[in-house]
Amino acid sequence: MYTIVQNAKVLHSCSRIGRRQTCYSTDAWRSTLIRGGQRGRNQNEGLTQRSLLQSRRSSQTSATSQSSKPTISAEEAQRRAYEHYRKSSQNKAFNNERNIKIASYAAAVVVGALGATYASVPLYKLFCQATGFGGTTQRVTLTEWAEQQDRREESGNSKISQALWDKLIGMSNVPKEMLPKGKGSFSHGRGAKTWTDEEAAARLASLKPMTENGRLITVRFDSTIGDVMPWSFVPAQLDVKVVPGETALSFFTAKNHSDKAITGVATYNVHPPRAGLHFNKIQCFCFEEQRLLPGETVDMPVFFFIDPEYADDPQLSRVNNITLSYTFFQTDEDDEEDEDE
Amino acid sequence: VQKQHSNFLPSSIMSMNFSSSKQFVKPPQRGIFPLDHDSECRPQMQVYLECLKDSKQQHHKCRDFSKEYLQCRMDRELMAKEDLNKMGFSSEARVQSAEEYDKSKEREGYIAGKHIERKTKWWFQR
């Protein structure tokens with residue numbers, strides 16, 4: 001459109017923004033931003049005319065620096081650019097169109113962000129179910145239902161529908177062998193107990209640790225009480241060193257300090273998580289309500305073994321310390337006359 | 001009057017575990033030990049714990065005492081009668097000698113990553 005001649009005296013810098021070209025005069029005492037609008041008009045025009053005169057004078061004296069091409073002078077280009085800008089900015093339709101375009105872009109961004117907020121809830125749920133990221137709540141639900149299953153059976157109140165039970169089992173991470181078979185397969189009370197799993201029984205019978213130069217794994221014990229429980233629950237020994245494949249016994253001592261009979265349920269956790277895969281308990285005191293009379297002290301044993309496959313797991317080749325941590329939660333607290341369960 | 005049991009466990013049971021690895025929490029194979037309210041087998045337990053203390057917490061040295069404890073439980077009907085040989089107390093399953101890791105790696109120092117002897121398979125290679 002316009003060609004700018006670089007005069008020795010006057011230098012212009014022009015920039016294009018969209019279809020508009022904004023030119024700035026960079027000469028020291030004449031530097032001004034060419035603005036549209038009524039206010040600066042006279043001032044700019046006056047300046048422009050003055051600069052025109054000046055450049056004409058200077059161009060006459062310095063003949064050598066003139067270009068031979070038929071071009072408009074720098075001043076002319078500046079003036080024309082200025083006029084064009086002024087005209088276009090006074091065009092209200094043009095401005096309005098531009099503003100609407102920008103506003104619609106901004107509104108689209110806002111609506112998109114809002115939509116992403118709503119969409120993230122089901123998306124995250126899918127992600128969690130697929131990867132099992134940090135989710136143990138399903139497993140807790142299953143054991144919780146298992147306990148309440150026994151309680152409900154005894155009280156005869158409500159029966160969990162088979163569909164819901166199947167759904168819970170389907171959602172959980174418990175491998176199939178370990179699921180409670182039928183109802184009430186968790187043994188409780190004194191009396192004959194049955195194996196929950198025939199395979200596990202056979203496996204235990206044939207279990208054999210490495211008898212010579214076995215690798216000793218240190219199993220540490222850790223205990224926690226729920227917040228408001230007036231029990232003290234400590235392991236009787238800090239740790240025990242076992243060989244994978246050897247069945248070992250360990251004890252926890254619990255004491256009820258209050259003057260009411262309190263029922264608690266314990267859950268356990270094995271750290272590192274990979275070692276939990278090989279940690280098997282034959283018999284313990286977890287997942288079932290244990291009722292302590294006021295002031296009573298009780299020893300709770302845990303009979304467990306570490307699977308010999310522990311030695312073949314490459315991820316556990318350097319793991320020599322396992323921590324078994326138990327946490328007791330209060331489920332019920334009753335006075336003498338009420339009957340529990 | 002039957003006390004109304006709450007239909008949900010208190011919120012403290014939902015222990016937040018943010019590790020991305022799967023937690024394996026399995027029910028015990030033979031169920032739950034009934035509570036020993038009268039501390040009938042406490043002497044056996046104390047003998048066993050003493051032995052553990054003396055033998056540097058190594059279980060295979062105190063195996064006989066743990067067997068005695070379980071036998072005591074069975075006698076007092078605190079545990080179902082089982083053949084203890086099948087529960088890992090047979091003579092073939094006796095551990096003769098075992099070694100603990102002597103912390104040689106920590107003592108001598110090591111270059112991280114150089115200790116890997118076997119290549120483990122990624123989940124898509126299995």
Side-chain angles (χ1 to χ4, degrees), chain A residues 132-134 136-137 139-140 144 151 173 178 186-190 192-193 195-197 200 204-205 207-209 211-216 226-227 236-237 239-243 246-249 251 273 276-277 280-285 287-288 290 298-299 301 305 314-315 320 329 331 334 338, chain B residues 1-3 5 9-10 12-15 17-37 39 41-42 45 48-49 52-53 56-60 63 66 69-70 77-80 86-89 92-101 105 115 118 120:
Chain A
F133 181 75
T136 52
T137 46
R139 254 187 301 276
V140 173
E144 174 191 333
R151 228 179 343 165
N173 277 345
M178 301 292 181
F186 281 7
S187 55
H188 48 274
R190 297 179 178 204
K193 297 180 184 65
W195 280 95
T196 55
D197 195 347
L204 184 58
L207 192 69
K208 216 165 86 74
T211 48
E212 295 288 333
N213 298 326
R215 176 182 159 200
L216 277 179
D227 276 340
Q237 71 285 302
D239 58 7
V240 105
K241 298 189 173 52
V242 286
V243 170
E246 182 191 358
T247 54
L249 193 61
F251 293 93
L277 187 58
N280 304 298
K281 290 184 298 165
I282 302 167
Q283 207 162 359
C284 71
F285 55 89
F287 301 132
E288 191 166 281
Q290 312 285 347
V298 127
D299 305 308
F305 68 93
Q315 284 186 30
N320 300 304
F329 299 102
T331 55
D334 49 22
D338 273 12
Chain B
V1 175
Q2 184 102 23
K3 198 158 182 181
H5 292 296
L9 288 172
S12 56
I13 213 174
M14 300 295 175
S15 51
N17 193 339
F18 290 112
S19 71
S20 54
S21 48
K22 279 189 176 178
Q23 292 280 330
F24 296 96
V25 171
K26 302 176 264 201
Q29 292 178 0
R30 289 217 72 240
I32 316 287
F33 275 120
L35 277 188
D36 184 8
H37 285 282
S39 303
C41 290
R42 179 168 283 195
M45 174 190 92
Y48 169 69
L49 290 177
L52 269 191
K53 255 189 257 188
K56 287 202 234 171
Q57 312 282 18
Q58 297 185 10
H59 175 87
H60 59 91
R63 190 171 173 251
S66 67
Y69 177 82
L70 292 175
E77 296 241 334
L78 290 169
M79 188 173 155
K86 292 222 180 68
M87 306 254 277
F89 287 104
E92 296 101 39
R94 175 179 284 275
V95 174
Q96 308 293 349
S97 67
E99 277 152 21
E100 207 187 339
Y101 172 62
K105 198 168 148 217
H115 66 277
R118 266 184 294 190
T120 54

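To find a chain, count down the sequence lines: A is the first, B the second, and so on, and within it residues start at 1.
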**Request:** Give, as side chain, backbone, both or neither, the part of A:Asn320 having an atom under 4.5 angstrom from any heavy atom of chain B.
**Result:** side chain

**Complete:** Okay, B:Ser39 and chain A: the region with an atom under 4.5 Å from a heavy atom over there is side chain

**Message:** The test is side-chain contact (heavy atoms from CB on, under 4.5 Å); show your working for B:Met87 and A:Leu204 and say whether it passes.
**Reply:** CA-CA 6 Å; B:Met87 306 254 277; A:Leu204 184 58; 4.1 Å; yes

**Prompt:** At their closest point, which heavy atom of B:Ile32 faces which heavy atom of A:Gln283, and how far apart are they?
**Reply:** O-NE2, 3.5 Å

**Asked** Can you find a pair of side-chain heavy atoms, one from A:Leu216 and one from B:His60, that are under 4.5 Å apart?
**Response** yes

**Asked** Top residue by heavy-atom pair count (under 4.5 Å) with chain B, among A:Pro314, A:Cys284, A:Ala248?
**Response** A:Cys284

**Prompt:** Between B:Arg42, B:Glu92, B:Arg94, which shows the greatest number of heavy-atom pairs under 4.5 Å with chain A?
**Reply:** B:Arg42

**Asked** With only heavy atoms counted, which part of B:Lys56 is less than 4.5 Å from chain A, the side chain, the backbone, both or neither?
**Response** backbone

**Item:** Between CD1 on residue A:Ile282 and CZ on residue B:Phe33, distance to nearest 0.5 Å
**Value:** 8.5 Å

**Request:** Applying side-chain contact (heavy atoms from CB on, under 4.5 Å), name anything that partners A:Asp239, two or more places apart in sequence or on another chain.
**Result:** A:Thr218, A:Arg220, A:Lys241, B:Gln57

**Item:** chain B contact via A:Leu277 - which portion, at a heavy-atom distance below 4.5 Å
**Value:** both

**Asked** Can you tell me how far the CD atom of B:Glu100 sits from the CZ atom of A:Arg215, to the nearest 0.5 Å?
**Response** 11.5 Å

**Qualifying residues under salt bridge (Lys or Arg N to Asp or Glu O under 4.0 Å), relative to A:Lys281, sequence neighbours excluded** = none

**Request:** Under the side-chain contact (heavy atoms from CB on, under 4.5 Å) rule, what do B:Gln29 and A:Asn280 come out as? Steps first, then yes or no, please.
**Result:** CA-CA 8 Å; B:Gln29 292 178 0; A:Asn280 304 298; 3.8 Å; yes

**Short side-chain to backbone donor-acceptor contact, B:Tyr48 and A:Leu249, under 3.5 Å** = yes

**Prompt:** To the nearest 0.5 Å, what is the distance between CD (A:Gln237) and CG (B:Leu49)?
**Reply:** 5.5 Å

**Asked** Does the B:His59 side chain pair with the main chain of A:Val243, one donor and one acceptor, at a distance under 3.5 Å?
**Response** no

**Message:** Heavy-atom pairs under 4.5 Å with chain B: which of A:Glu212, A:Gln315, A:Lys208 has the most?
**Reply:** A:Glu212

